[in-house]
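Side chains included, hydrogens not; waters and symmetry mates left out as well; all remaining heavy atoms used. Every value quoted in this text rests on a predicted model; they were computed, and no experiment measured them.
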2 protein chains.
Amino acid sequence: MKQTISEQTTSPRNRLLDVAERLFSEQGYEAVTMRDIADAMGVRQASLYHHVPGGKQQLYVEVVERAMARHRLALEQAVASAGPHLRDQLLAASRWLLDHPPVDLVRMVNSDMPALSEEHSRRLTRLTFEALLLPLASAFRTARERGEHNNPADLLLAGSFLAMMDAVQVGARFSSMTKDAMANNLIDTLLFGLLAR
Amino acid sequence: MKQTISEQTTSPRNRLLDVAERLFSEQGYEAVTMRDIADAMGVRQASLYHHVPGGKQQLYVEVVERAMARHRLALEQAVASAGPHLRDQLLAASRWLLDHPPVDLVRMVNSDMPALSEEHSRRLTRLTFEALLLPLASAFRTARERGEHNNPADLLLAGSFLAMMDAVQVGARFSSMTKDAMANNLIDTLLFGLLAR
DNA sequence: TCCCGCCTACCTACTAATTAGTAGGGTACA
DNA sequence: TGTACCCTACTAATTAGTAGGTAGGCGGGA
């Protein structure tokens, strides 16, 4: 039975974006078929094209755009409202990242982007860079300017932090530690060093 | 013109495994078609089935088996012959890892494995675990037993180290730093801590 | 030394299934 | 009455995989 528009908690188009985002982020662009998405929504494949006339590419592009806009806002917010210490900022960022599907940068760059048109590929790569790397790199940079550390490779640190959070998400499937415990351990190790002093 | 068997530098089957390994590791299981592999070898798609009667699945399984056997040997060797200090062991491991295509564990677990049969999936997951995580985890463990550090989460450290090396490979595409410089920076940061003391 | 059968490596030509996408119709709600 | 949403029914392209044939190097026997 069909829902009345007024009793729909969310629009069908948003539901489509939600479902597609989950599948794309789990399996990547090529591995997800329009049929998979339609099945997950309980709808026929052809019906998807009513909401996304541009087809699979447009769907993927909109999903990534929306997700990256969210990540960017949330990470900037997390860093800004965590106080002046790098450790608290990284903890806040980790809490956001671990509460959402992992962003597999390696797969995005190597598999998903090449399957898209050149301009879409470049745009999404830039958006992802700005949403995930820049807020973290900026936290590392200002911490350095405050004298908390003196490592000049902000982007390297940001990328490596992101990769560590992805590792935590994979590890959570095989380990008994909680995600938060893993993240806390890694962040303190990164900040204070592994070697005993 | 066809090569004489005696003057072939490597068997066609090994060439197939090499080409497939490159493509699979770049793009993942589903994104690579048998046609892609055949094209890259300069051969017709149907000819692949002469070397791998089991088809795409068997090809992928053999590729991963071979790659993981190599990684396991090389990493154990690197750690063993790098002397007693964790730093030298990690540097040796990083040199090996950065000289080979990155192993995207997130993609393997989330995309590639679910496309395989249950038993193949479990076997390859175990092989990958033993080849990549265990040698590194063992290095962290023995370093702890020598008193170099006191972080008990060997596997977490190993996974996170691997993820950092993957991040270096992605970063090398966008940064002007060399892979080795990035790896050195990250290893020293991990060991001695980011925060100024 | 020459010839014959065998095997490796490849080919052409197909099949069945699956893919993204299109055309056009129905139905319920505003 | 129009429109948002979903449907059935199709198409063309691509996919993994099969059937069966061919060219040529190789070893063994006369």
| query | Is there a donor-acceptor pair under 3.5 Å between the side chain of B/Ser111 and the backbone N or O of B/Met108? | reply |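 No; zero donor-acceptor contacts below 3.5 Å.
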
In whole angstrom, what separates [X]'s [atom1] from [N]'s [atom2]?
X	N	atom1	atom2	result
B/Arg15	C/dT8	CZ	P	18 Å
A/Arg35	D/dT8	CZ	P	12 Å
B/Lys56	D/dG17	NZ	P	8 Å
B/Tyr60	D/dG17	OH	C1'	20 Å
A/Gln57	C/dG21	CD	P	8 Å

| said: Heavy atoms within less than 4.0 Å of DNA chain C: which residues of residues 110-123 of chain A have one? Give them sorted by number. | reply: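 Under 4.0 Å from DNA chain C: no residue of residues 110-123 of chain A.
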
| request: With a 4.0 Å heavy-atom cut-off, tell me which residues in residues 19-33 of chain A come close to DNA chain C, sorted by residue number. | output: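 When residues 19-33 of chain A is checked for heavy atoms under 4.0 Å from DNA chain C, the hits, listed by number, are A/Val32, A/Thr33.
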
| query | salt bridge (Lys or Arg N to Asp or Glu O under 4.0 Å) with B/Arg72: which residues, sequence neighbours excluded? | reply |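 B/Arg72 satisfies salt bridge (Lys or Arg N to Asp or Glu O under 4.0 Å) with B/Glu76, B/Glu130 only.
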
| request: Sequence neighbours left out, what passes salt bridge (Lys or Arg N to Asp or Glu O under 4.0 Å) with A/Asp18? Give chain and number order. | output: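 Here the qualifying residues are A/Arg66.
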
| query | Does a salt bridge link B/Arg123 with B/Glu119, judged by any charged N lying under 4.0 Å from a carboxylate O? | reply |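 Salt bridge flag = no for B/Glu119 with B/Arg123.
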
Tell me, yes or no, whether the heavy-atom count around [X] atom [atom1], taken from other residues, nucleotides or ligands under 6.0 Å, exceeds 12.
X	atom1	result
A/Arg35	CZ	no
A/Arg146	CZ	yes
A/His85	NE2	no

| task | List for me each residue that meets side-chain hydrogen bond (donor to acceptor under 3.5 Å, both in side chains) alongside B/Gln57, sequence neighbours excluded, and say none if there are none. | result |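 If we apply the side-chain hydrogen bond (donor to acceptor under 3.5 Å, both in side chains) test to B/Gln57, skipping adjacent residues, the hits are B/His120.
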
| field | Aromatic plane relationship, B/His71 with B/Trp96 - under 30° parallel, 30 to 60° tilted, over 60° perpendicular | value |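 Aromatic pair B/Trp96/B/His71 classed perpendicular.
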
| query | Which parts of residues 36-52 of chain A get close to DNA chain D, meaning a heavy atom less than 4.0 angstrom away? | reply |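 DNA chain D contact set from residues 36-52 of chain A: A/Val43, A/Arg44, A/Ala46, A/Ser47, A/His50, A/His51.
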
| field | Of A/Asp99, A/Leu97, A/Val168, the residue whose pairing with A/Lys179 passes side-chain contact (heavy atoms from CB on, under 4.5 Å) | value |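 That would be A/Val168.
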
| query | So do B/Phe24 and B/Ile37 actually touch side chain to side chain, heavy atoms under 4.5 Å? | reply |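 B/Ile37 reaches B/Phe24 side chain to side chain.
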
